[in-house]
Amino acid sequence: MKNAYLSDLIASLEARDPNQPEFLQAAREVLESLEPVLERRADLVAAGVLERIVEPERTIIFRVSWVDDQGKTRVNRGFRVQFNSAIGPYKGGLRLHPSVNLSVIKFLGFEQIFKNALTTLPMGGGKGGSDFDPKGKSDGEIMRFCQSFMTELSKHIGQFTDVPAGDIGVGGREIGFLFGQYKRLRNEVVGVLTGKGLTYGGSLARTEATGYGLCYFTREMLRDVGQSFQGKTVVISGSGNVAIYAAEKTAQLGGKVVALSDSAGYIYAPDGIDLALVKQLKEVERGRISEYVKRTTGASYHEGCAGIWNLKCDIALPCATQNELDLDGAKALVRNGVIAVAEGANMPTRPDAVKYLLDNKVLFGPGKAANAGGVATSGLEMSQNSLRLSWTFEEVDKRLDDIMSSIYKAAAEAAAEYGTPGNLVAGANIAGFLKVAEAMKAQGIAY
Ligand code: NDP
């Protein structure tokens, strides 16, 4: 990088938080792509916007103690990083996974700032979670954990302050337990969480939103080069909320999904995946993807999730977790003729793999733009809660589609304007950054 100011800033971040590799990876990617912006916007440098944007406004770390089914006391660590409120209340999901630590939550919260800005809705960036592992826990254990987690979290959130949602390990069941505890503690029924059940303030199409939105975004990328989903072979990693609804919309748009995975392995069904069976296994039974091949014919199961990128496909949608698609995976995809890769997960593609895909002229949709449909629809859930009204599925879905199309347009236009046409990584970072930066500058230096 030529810009000494940016190099110094990155070096200072590395010195300050050397043990936060995921956060540093995310921060480096954004800062590097801002080089052409800073050449034109000395005012943002003078206002210290960059030094401020990489430091969370507030970080809360807390003990979560709960009692398991054997009566034993368990202790986990809870996090909420309130990263940036320049354009609205902090907004971002809660992740329950043993890999959660401060670096992971900071990377996710940082990404969320720009993603939320891109949605066109007034939402700041935040993220939270815990190193609690929901796998194998009973409903009662999940409930007691969620109640304990919310007992502390409730002191720091609110409908106008910070509005959490789901992420890995947090779906409708967990949001229900968290919402119930917030209501009990605060004696108020407000839209303090999104992803709520439909009987108590949730929005239609929120469950589908991230996966559907990913496909709408991918459709726009393809359209620009005269292509579509029609007749395309699609590989999707993961088999959680994002992956399942990306698979559903892919099929509706005429594509064929041939593979899905979980953290243990992947299934390959050359004639197409039976999505109803996947939903039964993952959403109802909460089982493993390997079960799929025991219930149907024409599919095979393979241990290890990285092998999924060796499958021949036209479109790849990584929808599991960070850094799941490495350089070898990217090379295999290119060798097999992939035309588009779009990220349903957050930062699933390693930096060298992103570069390889871009260098090889693969259409690449970065997560902070391509998976913004979830938080956008969370924003629509907040709007409906404030209006005390519910919109139909079709209305929410239409708004989601419009938002994803406008995110694509904003990222593509910013990429072209700042000298990297077709590079949506740079375009999304720049478009998201400029909105937040203007607001931060306007609001002065101390909050
Ligand atoms: P879920 O918990 O519903 O599903 C996660 C899926 O990814 C599961 O199949 C899981 O497999 C797999 N997975 C999780 N961790 C790993 C790992 N370390 N290695 C390999 N596979 C793994 O989560 P979501 O579908 O909600 O989230 C998936 C991704 O999408 C995340 O990156 C999330 O941040 C991102 N995202 C989610 C949004 C949402 O609205 N839900 C919005 C925007 C982004 P297993 O069951 O074996 O753990």
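One-based numbering, in listed order, for ligands and for the atoms of each. We number each residue from 1, following the sequence as shown.
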Under 3.5 Å, is there a donor-acceptor pair linking the side chains of E188 and Y182? yes
Non-neighbouring partners of [X] that pass salt bridge (charged side-chain N to carboxylate O under 4.0 Å, His left out), sequence neighbours left out:
{"X": "R219", "value": "D401"}
{"X": "R286", "value": "none"}
{"X": "D68", "value": "R74"}

Would you say the ring centers of F83 and F110 fall short of 6.0 Å from each other? yes
Lys NZ or Arg CZ of K155 over F62 ring: under 6.0 Å, within 45°: no
Below 3.5 Å only, please: the N or O atoms of ligand 1 paired with protein N or O atoms, distance on each line.
| residue | atom | partner | partner atom | Å |
| --- | --- | --- | --- | --- |
| ligand 1 | 2 (O) | G169 | N | 3.0 |
| ligand 1 | 3 (O) | N241 | N | 2.9 |
| ligand 1 | 9 (O) | S239 | N | 2.9 |
| ligand 1 | 9 (O) | S239 | OG | 3.4 |
| ligand 1 | 11 (O) | S263 | N | 3.3 |
| ligand 1 | 25 (O) | N241 | N | 3.1 |
| ligand 1 | 25 (O) | V242 | N | 3.0 |
| ligand 1 | 30 (O) | G344 | O | 3.4 |
| ligand 1 | 32 (O) | R95 | NH2 | 3.4 |
| ligand 1 | 32 (O) | N346 | N | 3.1 |
| ligand 1 | 34 (O) | R95 | NH2 | 2.9 |
| ligand 1 | 34 (O) | D167 | OD1 | 2.6 |
| ligand 1 | 34 (O) | D167 | OD2 | 3.4 |
| ligand 1 | 34 (O) | N346 | ND2 | 2.8 |
| ligand 1 | 40 (O) | R206 | NH1 | 3.4 |
| ligand 1 | 40 (O) | R206 | NH2 | 3.1 |
| ligand 1 | 40 (O) | T210 | OG1 | 2.7 |
| ligand 1 | 46 (O) | R288 | NH1 | 3.4 |
| ligand 1 | 47 (O) | S263 | N | 2.9 |
| ligand 1 | 47 (O) | S263 | OG | 2.4 |
| ligand 1 | 47 (O) | R288 | NH1 | 3.3 |
| ligand 1 | 47 (O) | R288 | NH2 | 2.6 |
| ligand 1 | 48 (O) | K135 | NZ | 3.0 |

